[in-house]
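This is a predicted model, so every value here is computed, not measured.
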There are 2 protein chains.
Amino acid sequence: MRPLFHPAVEDIRPEAILHALSDPDRAAIFLKVAGAGMVEACSAVGTVGDRVIPKSSLSSHFKVLREAGLIHSERHGVEMRNTVRCDEVNARFPGLLAAIMDAYGRCGR
Amino acid sequence: MRPLFHPAVEDIRPEAILHALSDPDRAAIFLKVAGAGMVEACSAVGTVGDRVIPKSSLSSHFKVLREAGLIHSERHGVEMRNTVRCDEVNARFPGLLAAIMDAYGRCGR
DNA sequence: TCCCATAGTTCGGAATCTCGGAACTAACGA
DNA sequence: TCGTTAGTTCCGAGATTCCGAACTATGGGA
């Protein structure tokens with residue numbers, strides 16, 4: 001289990017953020033983590049809508065979000081604590097996250 | 001050559017926009033069309049940075065942008081006139097396009 | 001009218017990405 | 001030490017992407 005990679009703020013790329021959030025499941029996961037302030041990955045997220053997300057898929061979704069610079073993951077005992085990096089992302093790309101989440105918010109959900 | 005498909009404003013989906021613009025080449029193309037107000041596809045775009053984009057790739061990039069609802073394409077004689085649909089997209093997802101293009105702008109480009 | 005040139009689309013195959021089940025690893029508790 | 005829980009890695013099947021080659025549509029001569 002190799003150590004988790006987190007990009008530095010200045011290495012966060014717009015295309016990585018857009019790609020990460022262009023998947024509605026990942027956007028929903030990101031929203032859950034943001035809403036909870038801090039969430040344990042698999043156990044707490046587990047489903048999106050009424051669909052169960054297999055944990056291998058969940059794991060890779062978290063990886064994409066992490067490597068895009070959107071969340072920070074830290075192992076705490078047996079579980080993973082995930083926190084959003086909104087402040088850092090907002091500092092680098094002001095208004096981007098808000099606009100994206102607002103767009104998803106307007107569109108059904 | 002089947003007729004070009006353009007989604008109605010209310011059918012434009014955030015994930016499609018994010019996916020379309022998560023490719024830096026496509027974002028650059030969109031920016032060129034937006035900057036020119038109206039641009040002929042292949043002949044006018046042709047390259048991104050110093051790389052030449054093959055016309056089959058260009059064609060599919062335009063298709064992705066079009067089907068995401070970001071541009072409108074209309075055949076005019078032998079060439080294609082492309083216009084951005086910023087007003088419509090802005091009406092549906094206020095601030096989204098501006099935030100995305102601003103993010104790319106801050107990041108080298 | 002026929003042919004050519006130009007602008008774009010479609011086709012097809014190789015390379016890359018994605019999904020998810022199965023097996024594996026890490027950390028804790030009894 | 002063994003079992004349980006949480007998450008990662010591996011890998012095969014299917015979906016996407018890329019780009020050259022072939023094709024189609026339109027307009028302009030001769």
Side-chain angles (χ1 to χ4, degrees), chain A residues 1-6 13 15-30 32-33 36 38-68 71-83, chain B residues 1-6 13 15-30 32-33 36 38-68 71-83:
Chain A
M1 209 173 278
R2 67 177 71 98
L4 303 170
F5 170 72
H6 294 90
R13 316 236 73 221
E15 59 266 38
I17 292 184
L18 298 184
H19 170 252
L21 296 179
S22 71
D23 180 315
D25 284 359
R26 273 196 299 264
I29 292 171
F30 178 72
K32 274 200 189 180
V33 176
M38 176 180 294
V39 159
E40 314 76 47
C42 286
S43 53
V45 176
T47 64
V48 167
D50 51 355
R51 267 174 316 112
V52 174
I53 309 278
K55 54 184 198 161
S56 63
S57 303
L58 262 186
S59 179
S60 74
H61 282 325
F62 273 97
K63 185 180 184 212
V64 171
L65 291 170
R66 186 166 55 238
E67 299 192 344
I71 63 172
H72 180 90
S73 307
E74 198 175 349
R75 188 169 261 280
H76 252 247
V78 76
E79 72 196 10
M80 200 67 94
R81 302 267 173 88
N82 294 287
T83 45
Chain B
M1 208 174 274
R2 67 177 68 98
L4 302 171
F5 170 72
H6 294 90
R13 315 235 76 221
E15 58 266 40
I17 292 184
L18 298 183
H19 171 251
L21 296 179
S22 71
D23 179 315
D25 285 358
R26 273 196 298 266
I29 292 171
F30 178 72
K32 273 199 191 180
V33 177
M38 177 180 293
V39 160
E40 313 77 45
C42 287
S43 52
V45 176
T47 63
V48 167
D50 52 354
R51 266 174 315 114
V52 173
I53 309 277
K55 56 181 194 160
S56 60
S57 304
L58 262 186
S59 179
S60 72
H61 283 324
F62 272 97
K63 185 179 184 211
V64 171
L65 292 169
R66 185 166 57 237
E67 299 192 342
I71 63 173
H72 180 91
S73 306
E74 198 175 350
R75 187 167 260 280
H76 252 246
V78 78
E79 73 196 10
M80 200 66 93
R81 300 267 172 88
N82 295 286
T83 46

Find which nucleotide of DNA chain C each of A:Gly77 and A:Pro54 is nearest to by heavy atoms, and output the residue with the more 5' nucleotide.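 By nearest-heavy-atom nucleotide position, the 5'-most residue is A:Pro54.
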Pairwise 5' ranking along DNA chain C for B:Arg66 and A:His61, keeping only the more 5' one: B:Arg66
Would you tell me if any nitrogen or oxygen in the side chain of A:Ser57 comes within less than 4.0 Å of OP1 or OP2 on C:dG20? yes
Compare all side-chain heavy atoms of B:His19 with those of B:Arg26 and state whether any distance is below 4.5 angstrom. yes
I'd like to check B:Leu18 versus A:Asp23 (side-chain heavy atoms, cut-off strictly below 4.5 Å). Are they in contact? no
Using atom [atom1] of [X] as one end and atom [atom2] of [N] as the other, report the distance to the nearest whole Å.
| X | N | atom1 | atom2 | value |
| --- | --- | --- | --- | --- |
| A:Met80 | C:dA26 | CE | P | 13 Å |
| B:Arg81 | C:dG8 | CZ | C1' | 15 Å |
| A:Ile71 | D:dG7 | CD1 | P | 11 Å |
| A:Leu58 | D:dA6 | CG | P | 13 Å |
| A:Phe62 | D:dT9 | CZ | P | 15 Å |
| A:Lys63 | D:dT9 | NZ | P | 7 Å |
| A:Leu65 | D:dG7 | CG | P | 14 Å |
| A:Glu79 | D:dT8 | CD | C1' | 16 Å |

With sugar-phosphate meaning primed atoms plus P, OP1 and OP2, does B:Asp25 contact a base, only sugar-phosphate, or nothing at under 4.0 Å between heavy atoms?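 Touches nothing.
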With a 4.0 Å cut-off on heavy atoms, is A:His19 in touch with a base, just the backbone sugar-phosphate, or nothing at all? sugar-phosphate
I need the B:Ile53 CD1 to B:Lys55 NZ distance, nearest 0.5 Å.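 Going from the CD1 atom of B:Ile53 to the NZ atom of B:Lys55 covers 14.5 Å.
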Does any donor-acceptor pair link the side chain of B:Ser59 with the base of C:dG8 at a separation under 3.5 Å?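 When only heavy-atom distances are counted, B:Ser59 does not reach the base of C:dG8 through any donor-acceptor pair under 3.5 Å.
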Can you tell me which residue among A:His76, A:Glu74, A:His72 is in a side-chain hydrogen bond (donor to acceptor under 3.5 Å, both in side chains) with A:Arg81?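 The option that passes is A:His76.
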From the list C:dG20, D:dT8, D:dA21, which nucleotide is the closest neighbour of the side chain of A:Leu4? D:dT8
Counting side-chain heavy atoms from C-beta on, which of C:dA27, C:dT9, D:dT26 comes nearest to B:Arg75?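 Shortest atom-to-atom distance from the side chain points to D:dT26.
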Check whether any side-chain N or O of B:Arg66 sits under 3.5 Å from a backbone N or O of B:Ala68 as a donor-acceptor pair, and report yes or no. no
A:Val78 vs A:Ser56, nearer the 5' end of DNA chain D by closest nucleotide: A:Val78
